[in-house]
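Both ligands and their constituent atoms are indexed starting at 1 by order of listing. The first residue of the sequence shown is numbered 1, and numbering continues consecutively from there.
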Amino acid sequence: MLRAHDPVAWFDEPDGNSGFWAVTRLDDLVAVHRDHRTFSSQVGGTELEELERDPEAREARRTMLETDPPEHTRIRKLVSRSFTRRAIEKWESTARALIAETIDGALAEGKVDFVDAVARRLPIQMISKLLGVPDRDAEELFHWADSVVYHADPDFSDVLYDKDDTDPYRLLPFRSPNSLKVFEYAQQLAAEKTRRPESDVVSMLAGSDDLTPREFQTFFLLLVIAGNETTRHSLSHGALALAEFPDQLHRLRENPNLTDTASEEVLRWACPQIHFRRTATGDTTLAGVPISAGDKVVTWYISANYDESAFTDPFTLDLGRDPNPHVTFGGGGPHICLGAWLARLEVRVFLDEVAKRIDRIHLVGKPERIRSNFINGLKYLPLELEAIN
Ligand code: HEM
């Protein structure tokens, strides 16, 4: 309804918050993301929380995601060469072997919680390898990281963002006390990498003089969260979609060359990031709607990816969809997802290996969603996997 009737709509908020503009069409999202001068990520951060009112918290929690160019460019350059398309292609055989083994394990079990048995494994294994996190530490580290970003879900976090008093944690990312555990771990790992540097991202960051200890810690936390849980949700939403559209799984099996368009379509469909926020730096207009300096402008990826004016039959999974201008990784501009090629690789090898092995996927219970208005994720997905005879 918003896309059709009120594509840049004002919403009041409770609890003394100022309210925000909801941007729901794809073209308008792209316009906002590409104009970082008018729509700043730094002034008030990228969450609904109004960090412009608490500059101390804003600075303590700031990562490159909440930094505008030119400083943003400087920070992003510290790691960007590890995430280019070419750098990521070198990881293909590793990713393929890992997902093949995981899918075989799940097939042997037949009925599985797909999130636990398959979807969460590959992203954790891959980002750990890139960062240089030893296998023995990964489980605990990613458990903490989940509790930080799923801060409104009692299954993950003891302190609930929208129910408990989180003021004591206002200087920590997502107001989550478990951020501190990730910070401590980051410091220990950096100390090890300084003693024995390798070719991984943490060794690169630990050896850089450009970051304060706190900047390094928040950077590490950003990479651990962003590199793991969004891709996990792409794989589980993808598997659920293949259960709901068995003809598309059949189509993929018959056409192995389809995996490029198929992985883009799964990424569009899954859309793990629900929204991010910008702040208007001056009076402006968007789609003819006047916006005032200081207004919060919230872009809804989850709506833009289903925009009828950009996609034919958006609510149908079409693994051959081409063109597919989805905004799962952002609408362009400086903050376009750093890990997009890694996420694409993981989704593509996943679909390849599924197509080689699986005939049908059946939903055998009720999926459970993460309690969040920020991340579109599944925490439980009961599936039965039927092997090709
Ligand atoms: C399907 C999986 C993924 C999705 C849906 C996703 C989504 C996003 C989105 C929407 C943004 C913000 C773009 C914008 O609107 O300005 C972003 C930024 C970012 N992503 Fe991803 N991401 C994924 C995977 C990854 C992976 C695997 C990494 C690994 C490192 C990663 C690291 C980052 C970082 C560091 C940023 C901040 C970039 C900046 O501010 O310059 N993401 N991602």
Do H335 and ligand 1 have an N or O pair less than 3.5 Å apart?
yes

Plane angle bin for F276 and Y301 - parallel if under 30°, tilted between 30 and 60°, otherwise perpendicular:
perpendicular

Quick check on contacts: which atoms of ligand 1 are under 4.0 angstrom from a heavy atom of T328?
5 (C), 7 (C), 10 (C)

Which of these passes side chain to side chain contact (heavy atoms under 4.5 Å, CB included) with I375: R232, Q273, R369?
Q273

Where ligand 1 meets P334 - atom numbers and elements under 4.0 angstrom, heavy-atom basis:
41 (O)

For atom 12 (C) of ligand 1, the closest protein heavy atom turns out to be F276 CE1, 3.5 Å

Quickly, which of L223, D200, L141, V79 forms a side chain to side chain contact (heavy atoms under 4.5 Å, CB included) with L131? Name it, please.
L223

Just jot down the ligand 1 atoms closer than 4.0 angstrom to any heavy atom of A343, in number order.
1 (C), 2 (C), 24 (C)

Ring centres under 6.0 angstrom apart (W269, F245)
yes

Hey, which atoms in ligand 1 end up nearer than 4.0 Å to a heavy atom of S234?
1 (C)

Heavy atom of the protein closest to atom 32 (C) of ligand 1 (residue, atom name, distance)
A226 CB, 3.4 Å

Quick test of your reading of the structure: of G332, P272, G333, G339, whose heavy atom lies closest to atom 31 (C) of ligand 1?
G339

Please list the nearest protein heavy atom to atom 30 (C) of ligand 1 with its residue and the distance rounded to 0.1 Å.
F83 CE2, 3.5 Å

Closer than 4.0 Å to some heavy atom of H72 - which atoms of ligand 1 meet that?
39 (C), 40 (O), 41 (O)

Can S147 and N178 be said to form a side chain to side chain donor-acceptor pair (under 3.5 Å), step by step?
CA-CA 7 Å; S147 77; N178 275 352; 2.7 Å; yes

Atoms of ligand 1 under 4.0 Å from any heavy atom of L267, numbered from 1 in the order shown, are 1 (C)

Taking the basic N atoms (NZ, or NE/NH1/NH2) and the acidic carboxylate oxygens, is any pair closer than 4.0 Å for E192 and R195?
no

Element-labelled atoms of ligand 1 that are located less than 4.0 Å from some non-hydrogen atom of M64:
35 (C), 39 (C), 40 (O), 41 (O)

I need the nearest protein heavy-atom contact for atom 20 (N) of ligand 1: residue, atom name and distance, please.
C337 SG, 3.3 Å

May I ask you to decide whether R371 forms a salt bridge with D162, counting only side-chain N to carboxylate O separations under 4.0 Å?
yes

R86/E89 ion pair, N-O < 4.0 Å
no

L130, portion touching ligand 1 at heavy-atom distance under 4.0 Å:
neither

shortest atom 36 (C) of ligand 1-to-protein heavy-atom contact is with L338 N, 4.0 Å

Does NZ or CZ of R268 come closer than 6.0 Å to the centre of the six-membered ring of F311, within 45° of the ring's axis?
yes

Could you tell me which atoms of ligand 1, counted from 1 in the order shown, lie closer than 4.0 angstrom to a heavy atom of Y301?
10 (C), 12 (C), 13 (C), 14 (C), 15 (O)

May I ask you to decide if the ring planes of F20 and W300 are parallel, tilted or perpendicular, using 30° and 60° as cut-offs?
tilted

For ligand 1, is there an atom lying under 4.0 Å from some heavy atom of R278?
yes

If hydrogens are left out, which of F329, W341, F219 has an atom nearest to atom 6 (C) of ligand 1, that is, the closest non-hydrogen atom?
F329

Contact check: T231 vs ligand 1, nitrogen or oxygen atoms, below 3.5 angstrom
no

Are L171 and E56 close enough that some pair of their side-chain heavy atoms sits under 4.5 Å apart?
yes

Any atom of ligand 1 sitting under 4.0 Å from a heavy atom of E346?
no

Side chain to side chain donor-acceptor pair (under 3.5 Å) assessment of R277 paired with T46
CA-CA 4 Å; R277 166 221 169 163; T46 53; over 6 Å; no

Which is it for H233 and ligand 1 at heavy atoms under 4.0 Å: side chain, backbone, both or neither?
neither

